[in-house]
Amino acid sequence: MSNLSRANQISSPFILIGIPGMEEMHVWISIPLCCMYIVTISANITVLLIIKADRRLHQPMYLLLSMLLVTDLVQSNAAIPKMLLIFWFKLREITFGECLVQMFFIHSLSLMSTSVLVTMAFDRYVAICHPLRYSTILTNSMIAKLGLFVIIRGTLMIFPLPMLVLRLQFCGNRVIEHTYCEHIAVAKLSCGDIRVNFLYGLIIPLLVAGLDTTCLTVSYIMIIRTVLRLPNREARYKVGNTCAAHVGVILVFYIPVLFSFMSQRFGASSTPSVQILISNIYLIIPQMLNPIIYGIKTKEIRKKVSKLIAL
């Protein structure tokens with residue numbers, strides 16, 4: 001590709017059309033979307049401020065929870081405001097550079113979220129299976145290293161995606177049938193060979209999901225074995241209850257991601273509007289429910305929230 005054609009390609013914007021076939025319903029869809037966005041921002045910030053204000057919550061479990069909530073906040077703000085602009089004001093244009101940036105943040109933060117869930121499972125494993133060594137293993141230094149690992153892993157694995165799109169040639173069609181710059185949706189507009197994009201976009205999610213679900217499964221097998229060895233039912237219930245919030249968050253995260261991934265890659269028989277709605281769910285529902293689940297299931301956070309509501 002010549003420098004002139006590349007410059008023209010970069011200067012030409014993409015058009016995000018939202019949910020194809022449902023344009024007349026965009027305003028109505030935006031109402032629950034906006035409400036969920038407000039709840040997401042409010043709930044995540046509230047829990048983060050509670051953790052920051054109470055020194056008793058400056059423990060590994062809550063520090064890891066803070067990492068998860070921060071990734072949720074950034075990911076929500078990377079996607080939902082643009083969706084609302086499309087639905088409300090039909091502001092559908094997005095520059096080539098903005099599209100690549102949005103693509104990187106949405107995909108990398110999804111990977112960071114699953115990495116945080118794995119570190120949280122490790123935290124629960126150490127706390128339940130090796131309680132006497134918990135404070136010596138999960139030190140502040142270790143938490144910082146785990147946080148750095150989460151960021152580096154998400155960045156290195158997803159950074160090639162916008163680079164693979166940048167190398168593509170776009171001949172004419174710049175209309176993205178989506179609400180955000182999803183990697184494959186953008187790559188499909190190219191008049192060039194996108195096999196590398198498709199393969200990388202397929203291998204990385206499968207590799208990450210396979211590795212992370214294996215780590216989660218092994219952790220909880222070890223936890224369940226330890227819980228079943230406890231002497232009485234009350235002790236088993238108390239220990240098991242500490243994992244309930246984490247298990248709920250895992251399910252809330254992985255179920256929408258699985259459906260979104262399958263519909264995007266193999267959902268040829270389903271309509272584009274259904275595929276896009278499913279893919280949007282994993283950018284909205286987990287981020288909204290994560291702080292709510294932990295707020296309900298974690299006694300310390302629940303008490304603080306109750307006090308705030310009572311004011």
Side-chain angles (χ1 to χ4, degrees), residues 1-20 71 73-83 85-86 91-115 148-209 211 257 260-268 272 275-276 278-280 282-283:
M1 190 189 305
S2 67
N3 290 335
L4 179 60
S5 61
R6 180 175 290 277
N8 291 333
Q9 174 172 294
I10 293 174
S11 63
S12 301
F14 287 113
I15 305 296
L16 290 164
I17 65 170
I19 305 174
T71 61
L73 275 173
V74 179
Q75 189 176 46
S76 296
N77 284 301
I80 298 179
K82 182 60 180 178
M83 292 184 199
L85 289 174
I86 295 169
L91 297 176
R92 296 170 175 169
E93 282 196 2
I94 184 168
T95 67
F96 191 85
E98 289 170 349
C99 188
L100 295 184
V101 170
Q102 187 189 56
M103 179 189 302
F104 170 76
F105 274 103
I106 289 176
H107 290 301
S108 65
L109 288 163
S110 292
L111 200 152
M112 290 179 196
S113 293
T114 183
S115 300
L148 187 61
F149 163 76
V150 166
I151 294 171
I152 291 174
R153 185 192 191 211
T155 301
L156 291 182
M157 284 192 164
I158 298 303
F159 186 74
L161 289 186
M163 295 298 102
L164 288 172
V165 170
L166 189 60
R167 73 181 180 86
L168 295 175
Q169 184 176 1
F170 297 90
C171 301
N173 183 18
R174 313 281 292 193
V175 178
I176 304 171
E177 293 189 348
H178 217 298
T179 54
Y180 63 93
C181 289
E182 196 272 335
H183 170 238
I184 294 299
V186 176
K188 284 180 179 178
L189 300 180
S190 172
C191 52
D193 187 353
I194 65 168
R195 284 178 295 181
V196 175
N197 295 72
F198 186 84
L199 285 174
Y200 194 83
L202 178 67
I203 291 170
I204 290 300
L206 289 177
L207 181 66
V208 170
L211 179 61
V257 167
S260 174
F261 177 79
M262 297 301 290
S263 68
Q264 285 288 334
R265 267 69 182 181
F266 310 109
Q275 294 180 22
I276 292 168
I278 292 173
S279 68
N280 286 338
Y282 96 89
L283 293 178

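The figures that follow rest on heavy atoms only: side chains count, while hydrogens, waters and symmetry mates do not.
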For this session: Could you check Tyr180, Phe170, Phe96 and say which one makes a side-chain contact (heavy atoms from CB on, under 4.5 Å) with Val186?
Result: Phe170
For this session: From the options Asn173, Leu168, Val165, select the one residue that forms a side-chain contact (heavy atoms from CB on, under 4.5 Å) with Ser190.
Result: Leu168
Problem set entry | Steps toward side chain to side chain contact (heavy atoms under 4.5 Å, CB included) verdict (His178, Asn280) | CA-CA 9 Å; His178 217 298; Asn280 286 338; 4.2 Å; yes
Nearest heavy-atom pair of [X] and [Y]: which atoms, and what distance?
X	Y	answer
Lys82	Glu93	NZ-O, 2.8 Å
Gly18	Ile276	O-CD1, 3.9 Å
Ala185	Ile176	CB-CG2, 4.1 Å
Glu177	Pro20	CB-CG, 4.2 Å
Ala79	Leu283	CB-CD1, 3.8 Å

Any heavy-atom pair between the side chains of [Y] and [X] that's under 4.5 Å?
X	Y	answer
Arg174	Pro13	no
Leu207	Leu211	no
Tyr200	Leu161	yes
Leu16	Met83	no

Problem set entry | Short side-chain to backbone donor-acceptor contact, Gln169 and Gly192, under 3.5 Å | no
Exercise. Does the Gln75 side chain pair with the main chain of Phe105, one donor and one acceptor, at a distance under 3.5 Å?
Worked result: no
Sequence neighbours excluded and cut-off under 3.5 Å, please list the side-chain donor-acceptor pairs for residues 148-159, or say none.
{"from": "Arg153", "atom 1": "NH1", "to": "Ser115", "atom 2": "OG", "distance (Å)": "2.7"}
{"from": "Arg153", "atom 1": "NH1", "to": "Asp212", "atom 2": "OD1", "distance (Å)": "3.3"}
{"from": "Arg153", "atom 1": "NH1", "to": "Asp212", "atom 2": "OD2", "distance (Å)": "3.1"}
{"from": "Arg153", "atom 1": "NH2", "to": "Asp212", "atom 2": "OD1", "distance (Å)": "2.8"}
{"from": "Thr155", "atom 1": "OG1", "to": "Ile151", "atom 2": "O", "distance (Å)": "2.8"}

For this session: May I ask you to check whether over 12 heavy atoms, not counting those of Phe104, lie within 6.0 Å of atom CZ?
Result: yes
Atom [atom1] of [X] and atom [atom2] of [Y]: how far apart are they, to the nearest 0.5 Å?
X	Y	atom1	atom2	result
Met103	Glu98	CE	CD	13.0 Å
Ile15	Leu91	CD1	CG	10.5 Å
Ile106	Tyr282	CD1	OH	7.0 Å

Problem set entry | Of all pairs that satisfy salt bridge (Lys or Arg N to Asp or Glu O under 4.0 Å), the ones with a partner from residues 197-207, not counting sequence neighbours | none
For this session: Using the side chain to side chain contact (heavy atoms under 4.5 Å, CB included) rule, take His107 and Ile204 through it: C-alpha gap first, then chi angles, then the decisive distance, then the call.
Result: CA-CA 11 Å; His107 290 301; Ile204 290 300; over 6 Å; no
